[in-house]
Amino acid sequence: MTSERVLCIEGLCAKAGDAHILGGIDLEVRPGEVHAIMGPNGSGKSTLSHVLMGRPGYEVTAGSVTLDGTDLLELAPWERAQAGLFLALQHPTEVPGVSLESMLVEAAVAGGRDPDGIRAALVVEAERIGFDEKFLGRPVNVDLSGGEKKRNEALQMSVIRPRYAVLDEIDSGLDVDALAAVARRVQDATDETGLGVLVITHFSRLLEVLEPDRVHVLSHGRIHTSGGPELAEELEADGYTGILGEAVDAPEVAVELGLGPDPFADPLA
Amino acid sequence: MPIAFNPSVSAALPGPAWLVDLRREVVEGIGDVDPPSTDEEVWRYSRIGDLDLDRFQPLAIQAPLVKPFMDSGATDANAATVVLRNGWLEDSSISTEAAALGVTVGRIGDLGDGAAYFASVLSTPADLFGHLNRAFGPEPLAVVVPDGVRLDAPIVVRVHTDADSAALFPRLFVRCGVDTDVTVVEHHTSASEVVSMVSPVLEAQVEADARLRHALVQNLGTGLWNLAHQAFRVDQNATVETFVAGLGGCYARTRTDCRLVGRGAEARLTAAYYGEQDQTHDFRTFQEHAAPDTTSELLFKGALDGTSRSIYSGLIKVDPEAVRTRAYQTNRNIKLSADAWAHSVPNLEIETDDVVCSHASTVSPVDEEQLFYLESRGVPTTIAERLLVEGFFDDVISRAPTEAVGLALRATLVERLDRRLRNLRPEAAA
Ligand SMILES: Nc1ncnc2c1ncn2[C@@H]1O[C@H](COP(=O)(O)OP(=O)(O)OP(=O)(O)O)[C@@H](O)[C@H]1O
Ligand SMILES: [Mg+2]
């Protein structure tokens with residue numbers, strides 16, 4: 001059976017602790033497509049990215065996620081990565097004592113890929129996004145500045161060559177040149193390897209280089225509005241209040257919108 | 001725990017007259033020595049109650065060498081290589097350079113002033129095992145490095161056990177003269193299948209301006225009870241770096257007493273330990289500051305798998321005259337299994353105001369965030385854990401006194417972690 005190539009998120013609801021954060025997300029990202037997710041602080045963007053990769057601390061209460069036909073939610077995080085999903089974290093973790101190369105070598109070995117080319121790939125890709133080679137010898141993310149950590153995430157994405165990448169504010173902390181280089185690298189990957197991208201950002205600047213096919217505005221754990229690239233410009237000009245109205249600073253609205261399948265909610269309400 | 005050891009064994013032990021007399025005195029008084037009890041802080045959480053001393057007998061003579069001896073580790077690269085088998089001096093060799101510099105390695109009785117060295121660092125036995133070591137131990141090994149001698153190469157001592165059901169008491173004395181630079185590496189090993197008790201004692205005297213790097217690589221078989229005591233006395237502006245790799249033994253206890261007695265003395269104490277199956281690693285440390293301007297810094301790190309257990313109990317003691325002391329103590333433990341168990345008990349006893357002291361201890365599983373990060377790149381959980389544990393030991397390994405010790409420790413840790421991996425993921429081993 002050949003399944004359709006798509007990262008498909010359907011009715012995804014999730015909670016962190018007792019808090020319902022995602023209230024039914026529907027998204028389809030196809031190879032080569034770029035989908036931007038924007039939305040106010042706390043609207044659930046990072047939560048979505050974490051839930052997709054299976055970060056501990058969240059519980060999926062409804063919905064499904066499939067990657068080219070594979071049920072992701074069944075899998076451990078490393079299996080999701082091996083299935084072709086990549087996540088660039090908003091706050092990349094420092095991992096003392098573990099080198100970038102040994103981490104990527106183990107990932108390649110586990111995926112049955114040739115680990116011998118990792119070193120060379122790191123050098124080539126570092127050059128491509130202007131990441132100083134001297135950082136390659138450091139333990140993962142240790143003693144890197146905020147922007148360097150983001151470049152490191154982009155670098156790893158380039159070396160791992162996933163099918164789909166979720167980039168959570170990869171632009172925050174990057175200087176102008178780095179932003180352009182990273183955005184171009186991601187854009188190139190969409191053309192060269194058909195990478196499908198879900199890019200979370202607060203700024204339209206990134207989207208000037210990495211051109212989105214669709215822009216989605218997340219509010220209170222749901223996609224409030226979707227549109228073309230022009231939506232990002234609108235947001236930049238008018239802010240979220242213009243588009244979301246009251247919803248921006250009134251969390252109760254989310255409940256009225258039916259946020260999450262609350263087991264105690266009145267089904268007829 | 002009445003001592004069933006036969007006093008005639010002690011009486012039959014060879015050695016210089018002063019040692020024979022000393023043994024007799026200790027044997028006569030040994031009935032009055034209370035056996036250790038877990039009521040004492042220094043034995044709390046230990047498995048001392050499980051030790052059945054009646055199972056083990058001291059040896060009056062060296063057991064005959066049945067199998068040809070394992071590789072003694074002697075290489076031209078060592079300043080000296082010594083083998084203590086079951087506590088007895090079996091073999092020793094010294095490089096021409098070290099011999100020409102006046103370094104001596106041999107039985108303590110062969111030194112003119114051997115009697116003055118014996119118990120000069122550890123004047124009173126710390127516990128019953130200290131008494132037993134004095135009463136039932138063969139003639140100790142002495143290493144003497146004369147003033148001003150700097151040795152580039154290490155002195156390697158193999159402490160090997162191949163006697164079964166034996167209670168063994170190796171003893172080593174190291175004197176680093178004024179302004180010396182010395183590295184001593186002890187490897188403690190045992191023949192497989194042997195079930196014995198080994199209770200070694202080390203006394204090391206580090207005289208003014210000297211530097212001693214000492215390593216104890218404990219890789220005994222899992223049938224062994226190990227109760228080790230090492231004591232260092234550090235004089236003015238001298239430095240000691242101690243390093244313990246705790247890997248083997250069923251119950252392995254290492255007590256380290258580090259006394260900084262001269263102004264400006266420094267100590268750096270390091271240990272790495274790994275427990276698997278039902279092993280117990282037990283560390284007791286004393287950082288004693290008895291002079292002004294002294295510094296001690298301790299870093300002990302361990303990983304515990306299976307149902308293994310570890311105890312770290314350390315005391316920083318600062319005497320009233322030890323002003324401007326700086327003393328640090330850090331113990332970190334990673335629990336690799338829910339059934340593993342680590343106890344960490346740091347203590348301070350400070351009798352002057354003018355000090356900087358800190359202690360920190362942690363017992364936790366592998367960091368969940370770090371684990372997730374590695375997994376999110378496609379590294380399988382157990383392999384990610386292996387990478388993290390290897391990384392966890394990085395800083396202690398870098399403190400090994402010789403590159404060879406660091407490499408050997410890393411290799412053993414990797415071997416243990418690979419074994420763990422094979423047990424957890426049999427499919428990956430196929
Ligand atoms: N463990 C948790 N328990 C309770 N609430 C949580 C937990 N984790 C996150 N939240 C809440 O979930 C909401 C969504 O957080 P999330 O990090 O997904 O926001 P975001 O859209 O990425 O915001 P930002 O733009 O600031 O990065 C926030 O209100 C946050 O406080
Ligand atoms: Mg976020």
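Proteins come first, then strands; the chains are lettered A, B, ... in the order of their sequence lines, and each starts at number 1.
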### Task
Give, as side chain, backbone, both or neither, the part of B:Leu388 having an atom under 4.5 angstrom from any heavy atom of chain A.
both
### Task
Please name the pair of heavy atoms, one in B:Gly378 and one in A:Ala110, separated by the smallest distance, quoted to 0.1 Å.
O-CB, 3.9 Å
### Summary
If one checks every heavy atom of A:Pro92 against chain B at 4.5 Å, the contacting part turns out to be both
### Task
Measure distances from A:Leu87 to the heavy atoms of chain B and classify the residue's part below 4.5 Å as side chain, backbone, both or neither.
both
### Message
I need the single residue from A:Val98, A:Val105, A:Val140 that forms a side chain to side chain contact (heavy atoms under 4.5 Å, CB included) with B:Leu387. Which is it?
### Response
A:Val98
Record all donor-acceptor atom pairs with a distance under 3.5 Å between chain A and chain B; write none if the list is empty.
from	atom 1	to	atom 2	distance (Å)
A:Arg55	NH2	B:Glu369	OE1	2.7
A:Arg55	NH2	B:Glu369	OE2	3.3
A:Trp78	N	B:Glu375	OE1	3.4
A:Gln82	NE2	B:Gly378	O	2.7
A:Leu87	O	B:Arg377	NH2	2.9
A:Glu106	OE2	B:Arg386	NH2	2.8
A:Asn141	ND2	B:Tyr373	OH	3.2
A:Glu153	OE1	B:Arg377	NH2	3.2
A:Glu153	OE2	B:Tyr373	OH	2.3
A:Glu153	OE2	B:Arg377	NH1	3.2
A:Gln156	OE1	B:Arg377	NH1	3.0
A:Gln156	NE2	B:Tyr373	OH	3.1

### Query
Can you list the residues that meet the ring pair (Phe, Tyr, Trp, His ring centres under 6.0 Å) rule with B:Phe286, with sequence neighbours excluded?
none
### Task
Measure across B:Phe372 and A:Pro56 and return the closest heavy-atom pair with its distance rounded to 0.1 Å.
CD1-CD, 3.8 Å
